[in-house]
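Below is one structure, written out as structure tokens, with a few remarks after it.
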Amino acid sequence: MTVLSSLIASTALILSSAGMTLAEDVQSSELDCGDDCVLEVLTDPVPLDETDISNDEVGDLRYMGGIAVEPGDEKIGGVSSLEWVDGKLYGVTDDGRWLAITTDELDGKLLDIISIESGPLRDDRGKRLRGKSDADSEAIARMADGSWLVAFERDHRILQYATLDGHGQPTELPIVDLVFDAEDNGGMETLAVSPSGLLACGEWAGSDVLNCMRERDGGLVSFEVSPPAPIDEREGVPTDADCSSDGTCYILFRSYSPEEGNTAAIVAINGANAATTIATFMPPVTLDNFEGLTVREDLDRTYLYLASDDNFSDRQRTLLMKFEVVSARKDIALPPPPVTEVDTTVYETLPVIIETSMGSITVALETERAPITTANFLKYADEDRFDGTVFYRAMKLDRDPRPNGLIQGGTQWDPKRILDGIPHEPTSITGLSHTSGALSMAMGEPGTATGDFSIMLQDQTGLDAQPGSDDPIWKNGYAVFGYVTEGMDVVTAIHAAQADPNKGEGMMRGQLLADPVKIIDIRRAETTPE
């Protein structure tokens, strides 16, 4: 762990990596690895909009990160459908394989893939499905009893699996009637479980045959879901679907032509099959041959994962992208805070001004409760060691209240600026806490804090010392030594500055500012600026 990444690296919020990485604990394997295997995964982050990396909105969706997956020696690709179950993404591929994807996420944002497990889909005799006519799996759904349904086209059928690495049992589900007499390469592309039963859609739209069917009241209801403009003019068709617990089902449409390239759209339908367009994906938004969609519900948030099918072609990519459905946010009442005794003691503090290129921040240093840390900070200020340094980091947390997270600045461990590390003053001794506006020292371990510090935008009390913890970092926490008294608007403005998604390494990737904010001067409030 580097000192630069240490302030938050030990918290549960930052245990991940981003950028081009190799999945942990993998073993080499070929595409046909026989039984189950773990694939080597090489990824690269992708912005929502390469022409404007600050853009994180498309329609009713907020971008929560995405990656491109290199096919590698194992030829990872062909993803046709997704399903989120128990903390993993499951999928099926065009060549008759199942995938179990463990993602690396931080505060709701998709950063990377930790590993991909894979194995062949099998028939009722345990024989591996082979050949396009037999193994072209296009949709996956998890039933309430824990079993899996996998839909195939060409040989149009649905197999049921107790476990994906087990035998596939033929079914006689009535919803297969949707693809009766369907074209070989135009079968059941979507299969989802809704509160009222199964939902399925075929890979067509605007024909004499309605493209969707769902179970209702013991029977089947056929209906049409049309692709929204402008992909309706590009022969857009359904390619996957999934449903949330409130009965809203999200249907993914895609279209492709050599002349116009890829487009996509997501349509939400309610229990009455009324459709609402959630988002339309057109250039310059990042696009490819999207065929997988799944819903993930996390407390008051609804997320959609999208995956593209590269068709094992060098001209297409395997993308995995995550979005939040903004309109689906729910307000959850939080329990009242515990009643605690308020400390009314007045402690000695010293006002200090942090002058930046975006404005001034006034802080009260806790000279009485954190004398060692405060004296260290004042020494840096009095000797002008902060002058000309920058706020270089903005960690953005995806949780209420917003904005949330912290900013970090200082000497960046410049050997020409830093002094020796100082003894650690844990919050369990000082009585201070990482509440909104708190100043806290960055460090690798107790005794290494020098000239880098952070300012909290909201309460981050998980950074306080936890004496009962067995982990030395959690046990000691980080040292609070002051609070912002004026200028939180400047702190917020620095936090909102654009980050460079390709800057930094490990968990710092995507948190470093594209244009760091200059610290012009840090001085005692009674000192006249030079």
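Position 1 is the first residue of the sequence; numbering continues from there.
- For the pair Leu110/Met321, no side-chain contact is recorded, criterion being any heavy-atom separation below 4.5 Å from C-beta on.
- The six-membered or imidazole ring of Phe281 lies away from that of Phe253, with a centre-to-centre distance of 6.0 Å or more.
- Contact record, Leu99 with Ser118: CD2-OG, 3.6 Å, taken as the closest heavy-atom pair.
- You'll find the side chain of Leu164 reaches within 4.5 Å of the side chain of Ile140, heavy atoms only.
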### Message
side-chain contact (heavy atoms from CB on, under 4.5 Å) for Glu215 and Leu220? Distances and angles first, verdict last.
### Response
CA-CA 5 Å; Glu215 296 175 342; Leu220 294 175; 3.8 Å; yes
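- Residues Gln458 and Asn404 bring no donor and acceptor atom of their side chains to less than 3.5 Å of each other.
- Every pair tested for ring-ring contact (aromatic ring centres under 6.0 Å, His included) that includes a residue from residues 210-234 fails, sequence neighbours excluded, so the list is empty.
- Side-chain contact check for Ser255 and Thr263: at least one donor-acceptor pair (N or O, by modelled atom type) lies under 3.5 Å.
- Between the side chain of Ser357 and the backbone N or O of Lys518 there is at least one donor-acceptor pair closer than 3.5 Å.
- The salt bridge (charged side-chain N to carboxylate O under 4.0 Å, His left out) search around Glu153 returns none, not counting sequence neighbours.
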### Message
Determine whether Arg234 and Asp232 satisfy the following criterion, salt bridge (charged side-chain N to carboxylate O under 4.0 Å, His left out), listing intermediate values before the conclusion.
### Response
CA-CA 5 Å; Arg234 303 187 183 190; Asp232 57 341; over 6 Å; no
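- Judged by distance alone, the side chain of Arg157 and the main-chain N or O of Asp155 form a donor-acceptor pair under 3.5 Å.
- Among all heavy-atom pairs drawn from Ile175 and Met213, the shortest one is CD1-O, 3.7 Å.
- At least one donor-acceptor pair closer than 3.5 Å links the side chain of Thr294 to the backbone N or O of Trp84.
- When the ring-ring contact (aromatic ring centres under 6.0 Å, His included) test is applied to Tyr90, the partners found at least two apart in sequence or on another chain are Trp148.
- Checking Ser436 against Asp459 by side-chain atom types alone, no donor-acceptor pair falls below 3.5 Å.
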#### Entry: salt bridge (charged side-chain N to carboxylate O under 4.0 Å, His left out) evaluation trace for Asp310 with Arg317
CA-CA 5 Å; Asp310 69 349; Arg317 296 185 294 173; over 6 Å; no
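- Using a 4.5 Å cut-off on side-chain heavy atoms (C-beta onward), Ser137 and Leu121 make contact.
- Between the side chains of Ser81 and Asp240, at least one donor N or O lies within less than 3.5 Å of an accepting N or O.
- In terms of modelled atom types and a separation under 3.5 Å, the side chain of Asp298 and the main chain of Arg301 share no donor-acceptor contact.
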### Query
Between Arg254 and Glu203, does a salt bridge (charged side-chain N to carboxylate O under 4.0 Å, His left out) hold up when you go through it step by step?
CA-CA 10 Å; Arg254 66 93 197 271; Glu203 193 179 4; 2.6 Å; yes
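- A donor-acceptor contact closer than 3.5 angstrom is absent between the side chains of Ser313 and Asn311.
- For the residue pair Asn273/Arg214, the side-chain donor-acceptor check at 3.5 Å is satisfied.
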### Task
Would you sort out whether Glu138 and Val92 count as a side-chain contact (heavy atoms from CB on, under 4.5 Å), showing the intermediate values?
CA-CA 7 Å; Glu138 294 292 338; Val92 290; over 6 Å; no
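- Here the side chain of Thr43 pairs no donor or acceptor atom with the backbone of Val69 at under 3.5 angstrom.
- Side-chain atoms of Thr190 never come within 3.5 Å of backbone atoms of Thr239 as a donor-acceptor pair (strictly under, hydrogens ignored).
- In this structure Phe152 satisfies the ring-ring contact (aromatic ring centres under 6.0 Å, His included) test with no other residue, sequence neighbours excluded.
- Partners of Thr248 by side-chain hydrogen bond (donor to acceptor under 3.5 Å, both in side chains), not counting sequence neighbours, listed by chain and number: Asp246.
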Under 3.5 Å, sequence neighbours excluded: what are the donor-acceptor pairs made by side chains of residues 55-64?
{"residue": "Asn55", "atom": "OD1", "partner": "Glu57", "partner atom": "N", "Å": "3.1"}
{"residue": "Asp60", "atom": "OD1", "partner": "Ser327", "partner atom": "N", "Å": "3.2"}
{"residue": "Asp60", "atom": "OD2", "partner": "Ser327", "partner atom": "N", "Å": "3.4"}
{"residue": "Asp60", "atom": "OD2", "partner": "Ser327", "partner atom": "OG", "Å": "2.3"}
{"residue": "Arg62", "atom": "NH1", "partner": "Asp398", "partner atom": "OD1", "Å": "2.7"}
{"residue": "Tyr63", "atom": "OH", "partner": "Val46", "partner atom": "O", "Å": "2.8"}
{"residue": "Tyr63", "atom": "OH", "partner": "Gly66", "partner atom": "N", "Å": "2.9"}

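- Contact annotation: the side chain of Leu320 approaches that of Thr103 to within less than 4.5 Å [non-hydrogen atoms, C-beta and beyond].
- The residue from Glu105, Glu324, Glu83 that alone fulfils the salt bridge (charged side-chain N to carboxylate O under 4.0 Å, His left out) condition with Arg296 is Glu105.
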